[in-house]
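Heads up: the structure comes next, in structure tokens.
Whatever order the structure lists ligands and atoms in, that order sets their numbers, starting from 1. Small disclaimer: the values here were computed from a predicted structure and weren't measured. By convention here, the first residue in the shown sequence is residue 1.
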Amino acid sequence: MCKAKREEGAVECFSKHPLQNRWALWFFKNDKSKTWQDNLRLITKFDTVEDFWALYSNIQLASKLTSGCDYSLFKDGIEPMWEDNRNKRGGRWLITLSKQQRHAELDRFWLETLLCLIGEMFDDYSEDVCGAVINIRAKGDKIAIWTQEAENRDGVTHIGRVYKERLGLSSKVVIGYQAHADTATKSGSLMKNKFVV
Ligand code: MGP
């Protein structure tokens, strides 16, 4: 309900601003004595602009996390893993960063990624988006947007083009989309991009 204050005819609304979707933030900490899934923890869910900023300003910046940690932001009801029904036929637009970029660009790229998600920036194809993941790794950090259907060429390429533009990447930089089924079964050097933009 909107609580409104009326002053000289003006109506001010004090409700929080609802997002189109409810989102869940997850944290992964690499503890080698546990399975991958047991290392994944739900932090919290939110569905308003105000609650997003309250959360964002209260957690560590990604660049301050220790190597081996991830944040994931997924739509409520989708677990941030290949096995989830909404992910298993999907894939990811992957941004690989050099070690130098952690200092210069990582936090900006991740915040822009979060805003693309909660702001539903991909037009009619925002529905195809499942979530996003940031991996903090000594060998080089990674950020990815996960979408639900790797065979949906129109949607996947639209999301890739918009994402690349939002990050402000030069047209010379090429980013690739990989199906999770390939990521889960192939080692890094054999990984094939299904699409590039
Ligand atoms: P990673 O954390 O996505 O990347 O996957 P990292 O650490 O950079 O490693 P690389 O292989 O990409 O170079 C690391 C490992 O975590 C994977 O090989 C899997 O064993 C496990 N893992 C990652 N994800 C995203 C999943 C998942 O969705 N499901 C399961 N079961 N295991 C996963």
* To do: Could you tell me the residue and atom name of the protein heavy atom closest to atom 29 (N) of ligand 1, and the distance to it rounded to 0.1 Å?
  => E83 OE1, 3.0 Å
* Distance to 0.1 Å, residue and atom name: give those for the protein heavy atom nearest to atom 15 (C) of ligand 1. => W36 CD1, 4.6 Å
* **CG/D31: more than 12 non-hydrogen atoms of other groups inside 6.0 Å** => yes
* Asked: Should we say atom CD of E120 is surrounded by more than 12 heavy atoms from elsewhere, each under 6.0 Å from it?
  -> yes
* **Salt bridge present between D70 and R137 (N-O < 4.0 angstrom)** => yes
* Asked: Do F195 and W93 have their ring centres less than 6.0 Å from each other?
  -> no
* Basic-acidic side-chain contact under 4.0 Å: R86, E79 -> no
* Asked: Could any protein non-hydrogen atom be found less than 4.0 Å from atom 18 (O) of ligand 1?
  -> no
* Asked: Hey, is W82 touching ligand 1 through its side chain, its backbone, both or neither, going by heavy atoms under 4.0 Å?
  -> both
* To do: May I ask you to check if ligand 1 and K139 share an N or O to N or O distance below 3.5 Å?
  => yes
* Structure fact -> The closest protein heavy-atom partner of atom 1 (P) of ligand 1 is R137 NH2, 4.0 Å
* Asked: Any protein heavy atom sitting closer than 4.0 Å to atom 21 (C) of ligand 1?
  -> yes
* Would you verify that at least one protein heavy atom lies under 4.0 Å from atom 12 (O) of ligand 1, or report that none does? => yes
* Nearest protein heavy atom to atom 8 (O) of ligand 1, by residue and atom, and its distance? -> K142 NZ, 2.6 Å
* Indicate yes or no: does K16 engage D51 in a salt bridge with an N to O separation below 4.0 Å. => yes
* Taking the six-membered ring for Trp and the full ring for Phe, Tyr or His, determine whether the centres of F52 and W23 are under 6.0 Å apart. => no
* Asked: Is there a protein heavy atom less than 4.0 Å away from atom 5 (O) of ligand 1?
  -> no
